[in-house]
Amino acid sequence: MVKFSIFVATFLLPTALASELLVDTTSGPVEGFYNSSSVRAFLGIPYAEPATGSCRFKPPVPKSRSNQTVQGHSFPPTCPGQYAFSNESIWSVLPYMPWNTESMSEDCLAINIWTPKAKQQSQKAAVMMFIYGGGFTQGGSATPFYDGTNLVEDHQDIVVVTFNYRVSIFGYPNAPGLEPGQQNVGLLDQRLAVEWVQRNIAQFGGDPSKIMLFGQSAGAASTDLYTYAYPKNPIVHGVIMQSGAASIIINQDKAHQNWQNLSRALGCSTLQCMQDKPWEDILEGVSSGSYSFSPVADNVTAFADFAARAKQGGLARLPTLIGGTNREASAYMNLSSQAINETLVYTATQQTFNCPIVETVDNRLEQDIPTWRYLYHGNWSSLSPVPWLGAYHSSDVPIVFGTYKKTTVQPSSSPAEVAASKYIQGAWVAFAKDPWNGLRDYGWPQFISQDRSLVNLALENRVTATIGSADKWDSYCRGGTFTS
């Protein structure tokens with residue numbers, strides 16, 4: 001009997017593991033792995049066909065089903081993008097950029113999923129789906145600070161998703177030969193990724209009716225754009241925007257000059273010629289010139305007047321959490337700088353980041369859309385090795401993901417940093433589970449203009465939130481001047 005029991009256990013164990021780590025999807029079967037004792041990871045799952053040849057610069061084509069198992073053990077290649085940071089940039093010192101830019105490929109449209117150990121339960125987990133930043137010119141999901149392992153490990157009732165989308169000219173070609181409404185194919189990639197998650201996430205333990213979309217920088221702008229583009233069928237049930245809003249980067253090149261000048265420099269006069277060029281040649285051309293490729297107002301995925309769009313009913317009624325860091329623009333300063341122009345840091349932070357946030361918050365308040373607003377102040381030596389950096393642009397990302405230990409500056413984090421990260425993670429997770437009431441239950445007030453309802457996070461490196469007024473912080477955007 002004992003020998004038989006051992007035989008049964010030995011026989012069933014691989015079967016149980018196979019059912020947990022082998023998942024069927026619309027793209028075909030996917031084999032994952034245990035990223036920790038309690039977290040399963042499924043990396044590099046294709047959601048679209050490779051955007052090569054005649055598919056380059058065109059809307060994404062859903063991935064057709066394959067009977068060949070996807071080995072989801074490594075991140076997908078990074079989509080072709082522009083990388084030119086100096087050693088003076090905090091973004092090059094710390095792991096904010098994709099680790100595998102050497103293996104860029106147009107076959108990059110893929111999804112990564114982190115999910116708890118499979119359980120025999122009927123309740124599905126809320127889904128946190130992240131869009132990376134990079135100014136629409138760079139970025140990728142294979143970034144150490146975007147690893148979803150810690151979030152899922154600490155919160156066993158959520159699923160974390162990241163994915164790649166096209167950037168630079170490959171995502172925002174603005175070419176005269178393309179159909180109207182198909183100029184921002186990088187934004188269309190994002191929509192297709194959301195649709196793929198809706199169809200497949202239940203297989204990974206996620207609830208397709210509880211997908212929360214969030215992003216940082218250009219990813220936050222993308223998230224906001226998404227709410228204006230799909231007001232009637234957003235699929236997701238809530239959104240978080242970190243340091244970005246819809247109007248942060250809108251290309252004004254209505255005459256297609258960037259495309260015309262680049263294609264001419266590459267010896268092309270037709271769209272097909274540009275589709276036939278090696279992507280490396282195109283990227284080299286973009287990187288060597290002063291070209292601008294980012295979302296254009298096509299009135300399908302991006303708009304020229306977001307306030308008017310909102311008033312016409314073109315803004316999804318999704319609960320929103322939005323905010324930024326109080327020293328966004330310090331990230332643009334050289335790390336060796338001895339004297340910091342604080343007026344420049346303040347005005348650049350306001351103009352580039354906070355004023356677009358104020359604009360989209362106002363649009364939401366006018367439409368009575370539940371909105372919460374935060375300002376992050378954390379200044380941790382592991383993430384801000386030069387004290388004057390403070391809470392620079394992107395410094396909140398490893399705090400939200402709990403990936404601050406991946407820093408290369410300082411091997412250990414302070415107890416206060418760890419506690420602040422857990423507190424902020426808890427808020428993001430509470431919102432993902434219940435965007436309507438999660439933050440209210442967490443003790444955060446809904447944002448109301450001219451009221452004490454701004455949630456200050458890690459103010460003076462405190463663990464919990466400090467509630468205050470946004471009036472002083474927003475004064476520049478309301479016609480005020482520099483206030484330190």
Side-chain angles (χ1 to χ4, degrees), residues 9 12-23 25 29-45 69-76 94-96 98-100 110-121 123-130 132 140-164 197 200-207 210-212 214 382-383 397-408 410-415 417-430 432-433:
L12 290 179
L13 182 59
T15 305
L17 285 175
S19 65
E20 288 187 350
L21 298 178
L22 188 61
V23 176
T25 73
V30 181
E31 182 181 270
F33 65 102
Y34 271 99
N35 209 22
S36 76
S37 60
S38 60
V39 179
R40 295 175 293 153
F42 301 82
L43 310 179
I45 310 169
T69 300
V70 173
Q71 298 299 317
H73 299 169
S74 59
F75 288 105
L94 294 181
Y96 288 101
W99 60 266
N100 61 346
I111 283 175
N112 313 298
I113 299 172
W114 291 267
T115 186
K117 185 177 181 179
K119 301 174 183 177
Q120 297 297 321
Q121 58 183 34
Q123 188 173 359
K124 297 291 185 179
V127 181
M128 300 177 67
M129 186 170 181
F130 181 72
Y132 55 75
S141 61
T143 298
F145 278 159
Y146 303 160
D147 190 310
T149 304
N150 290 343
L151 262 173
V152 175
E153 199 165 38
D154 292 344
H155 304 274
Q156 286 284 295
D157 50 0
I158 61 165
V159 173
V160 173
V161 177
T162 65
F163 65 98
N164 284 348
V197 169
N200 293 281
I201 203 64
Q203 299 293 96
F204 298 89
D207 188 338
K210 291 185 178 182
I211 302 170
M212 189 275 289
F214 71 124
S382 63
L383 297 172
V397 171
I399 296 298
V400 169
F401 276 86
T403 48
Y404 46 83
K405 292 182 180 179
K406 295 183 181 291
T407 177
T408 54
Q410 186 172 306
S412 60
S413 300
S414 69
E417 181 181 9
V418 175
S421 175
K422 288 186 179 299
Y423 175 80
I424 293 170
Q425 273 189 16
W428 263 238
V429 169
K433 292 178 183 176

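With contacts defined as side-chain heavy-atom distances shorter than 4.5 Å, the pair Pro398/Thr407 does not qualify. Residues Asn164 and Phe75 form no side-chain contact, since every pair of their non-hydrogen atoms from C-beta on lies 4.5 Å or further apart. Looking at Tyr132 and Thr162, their side chains never come closer than 4.5 Å, going by heavy atoms from C-beta outward. Side-chain contact between Trp114 and Glu153 is absent, with no heavy atoms from C-beta onward closer than 4.5 Å. Two residues are said to be in side-chain contact when any heavy atoms from C-beta on lie closer than 4.5 Å; Ile158 and Pro116 fail this criterion. Side-chain contact between Ile399 and Glu417: present, with at least one pair of heavy atoms (C-beta onward) separated by less than 4.5 Å. By the 4.5 Å heavy-atom criterion applied to side chains, Val152 and Ser38 are not counted as neighbours. With a 4.5 Å cut-off on side-chain heavy atoms, Val23 and Phe42 count as touching.
If you run side-chain contact (heavy atoms from CB on, under 4.5 Å) between Phe163 and each of Ile113, Ile45, Ile111, only Ile111 comes through. For the side chain to side chain donor-acceptor pair (under 3.5 Å) criterion with Asn35, the lone passing option out of Thr149, Thr115, Asn150 is Thr149.
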- Kindly indicate, with the supporting measurements, whether the criterion side-chain contact (heavy atoms from CB on, under 4.5 Å) is fulfilled by Phe204 and Thr25. CA-CA 9 Å; Phe204 298 89; Thr25 73; 3.7 Å; yes

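Take Phe130 and apply the ring-ring contact (aromatic ring centres under 6.0 Å, His included) test, not counting sequence neighbours, and it matches Tyr146, Phe214, Phe401. Residues passing the side chain to side chain donor-acceptor pair (under 3.5 Å) test with Lys433, sequence neighbours excluded: Asp157. The side chain to side chain donor-acceptor pair (under 3.5 Å) test applied to Gln203 returns no partner, not counting sequence neighbours.
What you find for Tyr404 and Leu383 is that their closest heavy atoms are CB-CD1, 4.3 Å. When all heavy atoms of Met128 and Ala432 are compared, the pair lying nearest together is CG-CB, 3.6 Å. In terms of heavy-atom proximity, Pro76 sits nearest to Asn112 at CD-OD1, 3.3 Å.
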